[in-house]
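The next block holds one structure in the form of structure tokens; read it before the comments.
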Amino acid sequence: MLTTLKTAYTDTRACDLAWALDREPLPALAVLDLQHHDIQVQLRLLGASHQVILKEERGTCSETVACMPGSSTPLPLGVAKRLGDWEYEFAAHVETLSRGSFAGRAQELLALVAEHPYGLAGTFPGSPHAFTALLAQCQRDQVRWRTWHAYPQEGRLVATRTRVGVRAAVAAV
């Protein structure tokens, strides 16, 4: 699903992105609800980037990657944590592209996500290549998602990958 976000586009920078686990739901500009077996997955586009919330009988897991005023946790390159019965893995990468390469990559990613049933993308007014996009994949006892955060004024694209799965010992019981 592709939507135009109804918010003012501000010149944020890729380095302003912060990461947080288990934050409460933040106000969303667009939401896509998915169901995978007994896991509820909610992809959320924020004015300041994204939030993904997983809910199931073992508990809740939320990931927020956004420009969060006062946050002291910058975007890490990688994280691996246990969250109750869950294993959480996160990785981030920042690409710097030329203006022409950026425009082509932005169009390619928006087309990929817009046509995917587990995809949500939002473009910001003021720049056709300013967007946040999320793409989820559900498999057995895990959920994976990828995100892209575009900063055309800098020529930077921030890409993240996340995997949340049930620990092997718990899954075998």
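Heads up: numbering here begins at 1 and tracks the sequence.
The backbone N or O of D38 lies less than 3.5 Å from no partner atom in the side chain of E57, so there is not a single donor-acceptor pair. Using modelled atom types, one side-chain atom of H36 and one backbone atom of R140 make a donor-acceptor pair closer than 3.5 Å.
Within the 4.5 Å cutoff, the side chain of V164 has heavy atoms near those of the L54 side chain. Inter-residue side-chain proximity for L21 and Y88 is flagged as met; some heavy-atom pair is nearer than 4.5 Å. For the pair V113/L2, no side-chain contact is recorded, criterion being any heavy-atom separation below 4.5 Å from C-beta on. Using a 4.5 Å cut-off on side-chain heavy atoms (C-beta onward), Q40 and E56 make no contact. Here the side chains of F131 and L5 are not in contact, with every heavy-atom distance at 4.5 Å or above. Side-chain contact between Q51 and P25 is present, with heavy atoms from C-beta onward closer than 4.5 Å. Looking at heavy atoms from C-beta onward, F90 lies in side-chain contact with L75 at the 4.5 angstrom threshold. Residues F124 and T132 have side chains in contact (heavy-atom distance under 4.5 Å, counting atoms from C-beta outward).
Interatomic distance, CZ of R163 versus CH2 of W145, reported as 10.5 Å (0.5 Å rounding). In this structure, CD in Q137 is found 10.0 Å from CZ in R161, a value given to the nearest 0.5 Å. Residue Y151 holds its OH atom at 9.0 Å from SG of C15, rounded to the nearest 0.5 Å. To the nearest 0.5 angstrom, R146 atom CZ is 7.5 Å from L135 atom CG.
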Decide yes or no on side-chain contact (heavy atoms from CB on, under 4.5 Å) for R44 and I53, but give the supporting numbers first. CA-CA 8 Å; R44 302 167 58 83; I53 300 174; 3.6 Å; yes
Is there a side-chain contact (heavy atoms from CB on, under 4.5 Å) between L29 and L46 once you walk through the steps? CA-CA 6 Å; L29 300 173; L46 312 175; over 6 Å; no
Which is it for E89 and K81 under the salt bridge (charged side-chain N to carboxylate O under 4.0 Å, His left out) test, yes or no, and what are the steps along the way? CA-CA 7 Å; E89 295 174 4; K81 294 184 109 166; over 6 Å; no
side-chain contact (heavy atoms from CB on, under 4.5 Å) between Q107 and L110, worked out: CA-CA 5 Å; Q107 290 173 340; L110 287 172; 6.0 Å; no
Would W19 and T64 count as a side-chain contact (heavy atoms from CB on, under 4.5 Å) if you check the C-alpha gap in whole Å, the side-chain angles of each, and the deciding distance to 0.1 Å? CA-CA 6 Å; W19 168 87; T64 306; over 6 Å; no
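Cluster annotation: L134 and V31 are assigned to distinct hydrophobic clusters (Ile/Leu/Val/Met/Phe/Trp/Tyr, side-chain heavy-atom contacts under 4.5 Å, transitive). Residue V41 is grouped with residue M1 when hydrophobic side chains (ILVMFWY) are merged at heavy-atom distances under 4.5 angstrom, including chains of intermediate members. L34 and W86 end up in the same hydrophobic cluster when Ile, Leu, Val, Met, Phe, Trp and Tyr side chains are linked at under 4.5 Å. Cluster annotation: L26 is not connected to L17 through the hydrophobic network of ILVMFWY side chains, with a link wherever side-chain heavy atoms come within less than 4.5 Å.
Contact check on E63 versus R23 returns no salt bridge, with no Lys/Arg side-chain nitrogen under 4.0 Å from an Asp/Glu carboxylate oxygen.
Sorted by first and then second residue, the pairs that involve residues 48-70 and meet ring-ring contact (aromatic ring centres under 6.0 Å, His included), not counting sequence neighbours, are H50-H149. Residues in residues 99-128 take part in these salt bridge (charged side-chain N to carboxylate O under 4.0 Å, His left out) pairs, two or more places apart or across chains: R105-E108.
Partners of A48 by side-chain contact (heavy atoms from CB on, under 4.5 Å), not counting sequence neighbours, listed by chain and number: A66, C67.
When the shell of 6.0 Å around CD of Q139 is examined, it contains more than 12 heavy atoms from other residues, nucleotides or ligands.
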